[in-house]
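Convention: sequence-line order gives letters A, B, ...; per-chain numbering from 1. Only a predicted model underlies this, so the values are computations on that prediction, with no experimental measurement involved.
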Protein chains: 2
Amino acid sequence: MKEELELNMNAYLPLRDVVFLTLRDAILKGELKPGERLMEMHLADRLGVSRTPIREAIRMLEKEGLAVTIPRKGAQVAKMTENDLENVLEVREALEELSAKSACRKWTEPELEELKNATIAFEKAAEGNDVRDIVEKDEAFHDIIYKMARNDKLMEIVSNLREQMYRYRYEYVKDYNNYSRLVEEHEKILEGLMRRDIDYVTEVMHLHLKNQVNAVRETIREQSM
Amino acid sequence: MKEELELNMNAYLPLRDVVFLTLRDAILKGELKPGERLMEMHLADRLGVSRTPIREAIRMLEKEGLAVTIPRKGAQVAKMTENDLENVLEVREALEELSAKSACRKWTEPELEELKNATIAFEKAAEGNDVRDIVEKDEAFHDIIYKMARNDKLMEIVSNLREQMYRYRYEYVKDYNNYSRLVEEHEKILEGLMRRDIDYVTEVMHLHLKNQVNAVRETIREQSM
DNA sequence: GTCATGATTATTGTATGCAAAATGCATTTT
DNA sequence: AAAATGCATTTTGCATACAATAATCATGAC
């Protein structure tokens with residue numbers, strides 16, 4: 001009885017949040033491209049709402065690093081320079097390492113089970129050609145590791161940093177054929193976590209990141225030309 | 001001539017930003033206390049603006065972790081549990097360490113000069129009783145170190161994390177008499193940076209954080225009772 | 001032809017209005 | 001007395017209206 005009520009509450013999220021989620025998704029999936037203007041009227045019409053929730057959603061996107069607004073000129077989808085990428089990566093590396101360490105110490109049996117399933121799901125996705133699915137399953141894999149670390153703040157920050165890179169990867173990944181390496185890396189991470197071998201996991205995680213950055217770097221280069 | 005224009009431009013920031021800065025300041029300084037409701041009408045009257053910029057400012061505070069809103073119930077100043085504190089601290093530690101390392105490698109002569117001045121300014125402030133001044137000078141000191149690290153993203157994130165702790169420290173610091181330890185720690189950090197001694201700086205920074213956390217932990221305990 | 005200039009339009013910024021939901025309180029019911 | 005009900009009030013959510021600023025384009029001066 002009570003659960004049904006709660007579910008209803010969830011079902012009708014404030015419009016600003018719906019708009020925020022919708023726009024974020026569009027940015028991450030590349031439907032809204034870096035540099036593209038976010039015009040209030042236009043978005044309002046497209047989404048069938050007034051400007052008010054759009055504006056509030058833009059303020060949120062701004063703080064999440066996905067949009068940039070110049071006062072009295074309007075907002076646009078945030079671009080990333082190669083330098084920004086280096087910066088994000090430097091931070092991510094420190095935090096993914098922290099996350100891997102904590103996860104190593106703290107994971108519980110059901111979580112490990114989840115991670116095994118996520119690994120398999122990713123492998124399955126990697127066999128196909130649905131980029132969205134692949135990226136989604138990759139995210140799911142890493143999200144479980146963050147969850148294992150038992151630190152919501154850490155999770156929030158790393159997710160945001162990943163987000164900022166992913167929206168570039170999305171585009172690129174399309175003709176990025178060696179998923180096999182990713183699959184292998186995931187397997188190694190899983191394996192290391194099972195052994196609670198912090199050093200090993202840290203090292204693999206490090207490589208995993210290094211491989212990603214190159215893909216993103218390419219995309220950014222193209223973008224800025 | 002041009003500078004005067006720029007100043008004018010700055011002087012007329014969109015209201016949402018003015019409101020955001022004002023509210024953030026009020027939260028950090030403890031004028032708006034954790035748990036306190038942020039009612040749109042009330043704030044609008046107090047600040048002499050309409051609800052629109054207030055609402056946008058609240059969305060920004062939300063994303064910065066300084067406010068929490070429950071849909072259709074309104075926003076309130078974010079509270080921090082002891083667990084949140086541990087989480088923030090764990091992340092901060094990883095990032096302050098990264099920041100110290102980078103700063104060690106990258107600082108330039110004029111920056112070091114700045115840091116020396118900031119150290120002295122902090123010492124002077126610590127002799128007095130103006131808590132705001134002390135906290136401000138402490139922030140300034142650390143900001144220079146972040147700047148040395150040449151990573152805006154890192155700076156942004158660490159600043160935000162510091163912010164979330166500081167608003168608790170502000171209250172507490174009032175009868176926290178041993179600034180001498182802080183002064184000493186700042187001096188050690190400066191000294192280590194001058195020698196570019198990464199291990200030393202990392203260690204002192206670690207202690208510096210550990211000392212802070214206890215002060216904040218106290219305040220949070222009181223708050224939750 | 002190019003650069004100013006000014007009118008026109010598009011777009012953002014802010015205020016206000018109205019509907020819906022939450023809250024508080026008195027009254028009733030059990 | 002405690003719980004439930006209904007009504008008045010407060011507050012949020014969203015839409016709309018109006019003002020201020022920026023962008024566009026056409027016109028005219030050089």
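Shown are A:Lys116, A:Arg150, A:Lys147, A:Lys106; of these, the salt bridge (charged side-chain N to carboxylate O under 4.0 Å, His left out) with A:Glu111 is made only by A:Arg150.
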Atom pairs and distances, side-chain donor-acceptor, residues 94-104 of chain B, under 3.5 Å, sequence neighbours left out:
unit_1, atom_1, unit_2, atom_2, d
B:Glu96, OE1, B:Tyr146, OH, 3.4
B:Glu96, OE2, B:Arg92, NE, 3.3
B:Glu96, OE2, B:Arg92, NH2, 3.0
B:Glu96, OE2, B:Tyr146, OH, 2.8
B:Ser102, OG, B:Leu98, O, 3.2

Name each donor-acceptor pair under 3.5 Å that joins a side chain in residues 44-54 of chain B to protein atoms two or more places apart or in another chain, with its distance.
unit_1, atom_1, unit_2, atom_2, d
B:Ser50, OG, B:Thr52, N, 3.3
B:Arg51, NE, B:Glu40, OE1, 2.9
B:Arg51, NH2, B:Glu40, OE1, 2.8

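Using a 4.0 Å heavy-atom criterion, one finds that B:Ile54 contacts no nucleic acid atom at all.
With rounding to whole Å, B:Met39 atom CE is found 7 Å from D:dT12 atom P. Between A:Asp45 atom CG and C:dT11 atom P there is a gap of 11 Å when expressed in whole angstrom units. The separation between A:Met41 atom CE and D:dA22 atom C1' is 16 Å, rounded to whole Å. Between A:Gln76 atom CD and C:dT11 atom C1' there is a gap of 15 Å when expressed in whole angstrom units. Here the C1' atom of nucleotide C:dA10 and the CG atom of A:Leu38 are 16 Å apart, to the nearest Å. Atoms OH (A:Tyr12) and P (D:dT12) sit 15 Å apart, rounded to a whole Å.
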>> I need a per-nucleotide contact map over nucleotides 13-19 of chain D, read 5' to 3'. Cutoff is protein heavy atoms under 4.0 Å; write B for the base, S for backbone only, - otherwise.
In response: BSBBB--
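Remark: B:Glu56 engages A:Arg55 in a salt bridge, criterion side-chain N to carboxylate O under 4.0 Å.
Remark: side-chain polar atoms of A:Glu93 are not paired, donor with acceptor, to backbone N or O of A:Glu90 under 3.5 angstrom. Distance alone, capped at 3.5 Å, is enough to place a donor-acceptor pair between the A:Asn151 side chain and the B:Asn87 backbone.
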